[in-house]
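If you're wondering where the values come from, they're calculated on a predicted model, not measured in any experiment.
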Amino acid sequence: MRILFIIPYPPGKAPSQRFRFEQYLPLLAEHGHQYQLAPFLDDATWAILYKPGLAAKKALGILAGFLRRLLLVLTAVGKYDFVFIHREAAPIGPPVFEWMIARLLRKPIIYDFDDAIWIPNTSEANKVVAGVKWHHKVDSICRWAYKVSCGNSYLRNYAAQFNPRAVVNPTTIDTEHLHNQVRDQAIPGPLVIGWTGTHSTLKYIEQVVPVLAELEQRYDFEFRVISNQPPELPLRSLRYQPWRKDTEIADLLQFHVGLMPLEDDPWAKGKCAFKALQYMALGEPALVSPVGMNTEVVEDGVNGYVCATPEEWRTALERLLQNPGLRQTLGKAARATVVDRYSVVSNTQNFLNLFTR
């Protein structure tokens, strides 16, 4: 098969792309498929997209993306057997390109998303274009798609309203070539409670700040945040570390415990437990809010803890701060969960099945 990947961002840059399909590209080649990646944004525009100012350069970069998309659809799409669209063909406006591909060119679309992208989720970074995002286009693209690839059952249930060929294709971890090391909880040194994510999800940390502030009065630990922007939190234990792709795994291996708090709202229910999966793949117990897919991945007291109240967050953290043996036991079970259910190896056939007639 010849497969065209229509994607928002340059390859190797965005977690959703890296862990939804980019890590499967070598497997596609091994099975005889040919593929091409077509990002909307170029590297220069991606580099400034979330920086303040530079409005003219950003606008020119987005305009260039629209021109590239139009040229691609008019001249190249016809030679491919499948068109895999991750999230959307263009970041703003109606689904014109998707309509052209599905209705005019009659190409089977594999439509892939890992967030509740039909729900407006406005932040400081995207508030300028929030009014023209056209979130309701998701319904139409689902209808036009040959298959819909959804990160979890909540997203699949939504897509299934419009397309009976909506399937769960979970966000997975490469436990053989990337997340292929395990945290040794017995190594002496300061305990590290960790969180990783982008600027848009930093807000979720706030609910655990009072618990961490209380615990740091009685325990010696570091609360390390790995992100693309530093948080502003009233914690003396806080240590910020910029996210870097080349040291991503080594940095995450410094955690003893990983946190994934969420708010219980429709947007968060679409989350695919990615932070928890990253921690768990490295043998680190995950502490998560009981929202969406988190409760599918984390089994309370077995491979981590599900925490709904400040008291539950406090109790779980205290247990793990005090007991390296417990961290080791839960971490081992966490790793096994990912390998068995949420790894590239375990999901390979499911992914390849997206491209069958």
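Considering every non-hydrogen atom in both Phe84 and Ile3, the closest pair reads CB-CG2, 4.4 Å. Nearest approach of Ile7 to Arg69, heavy atoms of both residues: O-NH2, 2.7 Å. Taking both residues in full, the closest heavy atoms of Lys137 and Pro91 are given as NZ-C, 4.4 Å, listed atom of the first, atom of the second, then distance. Closest of all the heavy-atom pairs between Ser346 and Asp340 is CB-O, 3.5 Å.
Between Glu88 and Lys133, at least one side-chain nitrogen of the basic residue sits less than 4.0 Å from a carboxylate oxygen of the acidic one, meeting the salt-bridge criterion. The pair Arg314-Glu311 counts as a salt bridge, with a side-chain nitrogen and a carboxylate oxygen less than 4.0 angstrom apart.
Val148 and Phe355 sit in two unconnected hydrophobic clusters of ILVMFWY residues. Membership requires side-chain heavy atoms under 4.5 Å apart, directly or through other members. In the hydrophobic cluster analysis, where Ile, Leu, Val, Met, Phe, Trp and Tyr join through side-chain heavy atoms closer than 4.5 angstrom, Leu259 is grouped together with Val291. Under the 4.5 Å side-chain heavy-atom criterion for ILVMFWY residues, no single connected hydrophobic cluster contains both Phe113 and Phe5. Under a hydrophobic clustering in which Ile, Leu, Val, Met, Phe, Trp and Tyr are joined whenever their side-chain heavy atoms come within less than 4.5 Å, directly or via other members, Leu326 and Tyr219 fall into the same cluster. Leu352 and Leu4 are not part of a single hydrophobic cluster, where members link through side-chain heavy atoms under 4.5 Å apart.
The number of heavy atoms from other shown groups lying within 6.0 Å of NZ (Lys58) is above 12. Taking a 6.0 Å sphere around CZ of Arg106, one finds it holds 12 or fewer heavy atoms contributed by other residues, nucleotides or ligands. Atom CD of Gln241 sits in a crowded spot, with more than 12 heavy atoms from other residues, nucleotides or ligands closer than 6.0 Å. More than 12 heavy atoms of other residues, nucleotides or ligands lie within 6.0 Å of CG in Asp246, so this atom counts as buried by the packing criterion.
Just one residue in the list Tyr342, Phe351, Phe274, Tyr24 forms a ring pair (Phe, Tyr, Trp, His ring centres under 6.0 Å) with Phe19, and that residue is Phe274. Partner of Asp114 under the salt bridge (charged side-chain N to carboxylate O under 4.0 Å, His left out) criterion, out of Arg87, Lys271, Arg156: Arg87 alone.
Using bins of under 30°, 30° to 60° and over 60° for the plane-to-plane angle, the ring pair Tyr50/Trp46 lands in the perpendicular bin. Between Phe255 and Tyr279, the ring planes are tilted. Angles from 30° to 60° get that label.
Not a single donor-acceptor pair under 3.5 Å links the side chain of Gln181 to the backbone N or O of Leu253. At least one donor-acceptor pair closer than 3.5 Å links the side chain of Arg335 to the backbone N or O of Thr175. A donor-acceptor pair under 3.5 Å is formed between the side chain of Gln161 and the backbone N or O of Tyr158.
In this model, no donor atom of one side chain and acceptor atom of the other lie less than 3.5 Å apart for Gln185 and His256.
In this structure, CE on Met260 lies 13.0 Å from SG on Cys307, to the nearest 0.5 angstrom.
Proximity of the aromatic rings of Tyr35 and Tyr80 is defined here by a centroid distance below 6.0 angstrom, and this criterion is not met.
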Hey, can you pull the donor-acceptor pairs under 3.5 Å for the side chains in residues 226-233, sequence neighbours left out?
residue : atom : partner : partner atom : Å
Ser227  : OG   : Gly197  : O            : 2.8
Asn228  : OD1  : His199  : N            : 2.9
Asn228  : ND2  : His199  : ND1          : 3.0

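In this structure, Arg143 forms no cation-pi arrangement with Tyr111, as its terminal cationic atom is not both closer than 6.0 Å to the ring centre and no more than 45° off the ring axis.
With sequence neighbours excluded, no residue satisfies salt bridge (charged side-chain N to carboxylate O under 4.0 Å, His left out) with Lys269.
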